[in-house]
There are 2 protein chains.
Amino acid sequence: MARAQNSAAEIKGLPKSKSNTQQALSILKELILDNRLASGSNHLESELAEMLGMSRTPVREATLILEAQGLVEVKPRHGVKILSLSPQDMSEIYDILTELESLSAELAANMGYSEEQFQIAETAIQKMDEALENDDLEAWAVADELFHSELVRFGNNSRIANIYRMYSDQVRRARKLTLNLRPKPTKSNDDHRNVLNAIRDGNASEAQILHRAHRIQAKKMLIGLLEQYGFNNV
Amino acid sequence: MARAQNSAAEIKGLPKSKSNTQQALSILKELILDNRLASGSNHLESELAEMLGMSRTPVREATLILEAQGLVEVKPRHGVKILSLSPQDMSEIYDILTELESLSAELAANMGYSEEQFQIAETAIQKMDEALENDDLEAWAVADELFHSELVRFGNNSRIANIYRMYSDQVRRARKLTLNLRPKPTKSNDDHRNVLNAIRDGNASEAQILHRAHRIQAKKMLIGLLEQYGFNNV
DNA sequence: TCATACATTTACGTATACATTATAAAATTA
DNA sequence: TAATTTTATAATGTATACGTAAATGTATGA
């Protein structure tokens, strides 16, 4: 049955044939983030394997990795449980990202990057402006995410980048729900610009303080919405 | 060959028979942290499987988890590579822990714990004092670690606790090397006491600031030693 | 001698078979 | 009926078989 090798890729129309384990990983992640695998639900290995058109082995490996990343819990005999994202969970994640991104901003300011290296971040900010003018919140969210990931990259701490990557999926998941409920993020754009300028100027503590403030603000807004609209188990 | 089930446990004399995957995980972790699997070295799955007295399957699962935790890198055809802990790596880890522990201190101060709940932390500090009097650095390190883990527990953020757990192994690894080189940690004890008092008093920003300062100090010392004594690849 | 093509080896990725064991259902007893 | 034991079921954990492909070695020709 080695012919089933690429079936999952074929079904999903994914680009290239990574290993089945990697495919299972990204597909499952996608399903979880889209809430097509509902939070709190349990799924047997064999069930997932069948769904993905591969054997249990790669699925099992994928779930173990997902567990290490905090997206699921593997409960022997109950299948893998999709963990939920309560406001409490989001609060935890936001707190962590606030600290680590702010630190990144601080580190970035001390790195002394050249103007050229700010290109992507600069573009991201511009795109956010454009998106706002066009009332295209989707595009805004994408650009916003790009800015944040650039910031983390500037921090030059690979472990922070890993942690960020780990949680960014879940942040995206929460954001998806609140994107159309939140006020127009005009202030966000200003915040970003100020942070970037502080980094440019090599003003580490300013960069850190500004970014932290921005994050705390964003958290308050998001958690408020999640609670208000009762997304208790996303 | 299902009789090989517990052989690994038997060999190592471990407590109970968790799954082989879990055993492989903890044994490998131990070997890595003790540097008995040298940093930078590569090991084939089959080699590790034989060493642990089990088949490739659980070993493979364990290495995937270890990879997700950042201790190894799985390189197809080259085996799993034991990642090294350069001063740069330790610097990254310390930076992260500094932020997250300081945040924990801040959160802890806002939680309003009762005196009773500080029991363990209080004991830890006392043990650190005793250990210093007896010049027992091992005992000091154990108590110090206990204090830090209590602090993280107080923060009441399960994800921070996870991250902390993930890196604490590596911190221990580095500390092992520097424990006898560092100056007597008398100031550390004072620092801890002050942080705990600030938490007691519900003084969040003070707790945060004190702990951050403590951490930054510790980092400077540790990294300095690592560089000075040339532990470039622990 | 060097480069290139071809053959060989071997480690990995995956499927599958099987052993183990937790759960639930059934049966027994008080 | 309720509690307890037994049995059956089914899902997991593990071993193993095997195809595939990467890395290495070998041979050939320039």
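Chain letters run A, B, ... following the sequence lines, proteins first and then strands; every chain starts at 1.
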Tell me which nucleotide among D:dG13, D:dT16, C:dT16 gets nearest to the side chain of A:Ser55. C:dT16
Closest listed nucleotide, where the reference is the side chain of B:Arg60 and the choices are D:dT12, C:dA15, C:dC12: C:dC12
Looking at C:dT14, I'd like to know if its phosphate oxygens (OP1 or OP2) sit under 4.0 Å from a side-chain N or O belonging to A:Asn20. yes
Atom CZ of B:Arg56 and atom P of C:dT16: how far apart are they, to the nearest Å? 17 Å
Which residues satisfy the side-chain contact (heavy atoms from CB on, under 4.5 Å) test with B:Glu116, sequence neighbours excluded? B:Ser114
Answer yes or no: does a side-chain N or O of A:Thr21 lie under 4.0 Å from OP1 or OP2 of C:dT14? yes
Looking only at N and O atoms, is any donor in the side chain of A:Thr57 or the base of C:dA15 less than 3.5 Å from an acceptor on the other one? yes
Scan A:Arg153, A:Lys219, A:Arg215 and name whichever one has a salt bridge (Lys or Arg N to Asp or Glu O under 4.0 Å) with A:Glu101. A:Arg215
Can you list the residues that meet the side-chain contact (heavy atoms from CB on, under 4.5 Å) rule with A:Leu33, with sequence neighbours excluded? A:Lys29, A:Asp169, A:Arg172, A:Arg173
Between the base of C:dG13 and the side chain of B:Arg77, is there a donor-acceptor distance below 3.5 Å? no
Would you compute the distance between atom CG of B:Leu48 and atom CG of B:Leu28 and round it to the nearest 0.5 angstrom? 6.0 Å
CD of A:Glu47 versus C1' of D:dT12: gap in Å, rounded? 15 Å
Between D:dA11 (C1') and A:Lys81 (NZ): distance, integer Å: 18 Å
For A:Gln22 and for A:Pro76, find the nucleotide of DNA chain C with the closest heavy atom, then tell me which residue's nucleotide is more 5'. A:Gln22
Heavy atoms from C-beta onward define the side chain here; which of D:dA23, D:dT14, C:dT23 lies closest to that of B:His78? D:dA23
Rounded to whole Å, the CG-C1' distance (B:Leu52 to D:dT14) equals 14 Å
Spacing of A:Lys75 atom NZ relative to D:dG13 atom C1', expressed in whole Å: 19 Å
How many Å lie between CD on A:Glu45 and C1' on C:dT14, as a whole number? 14 Å
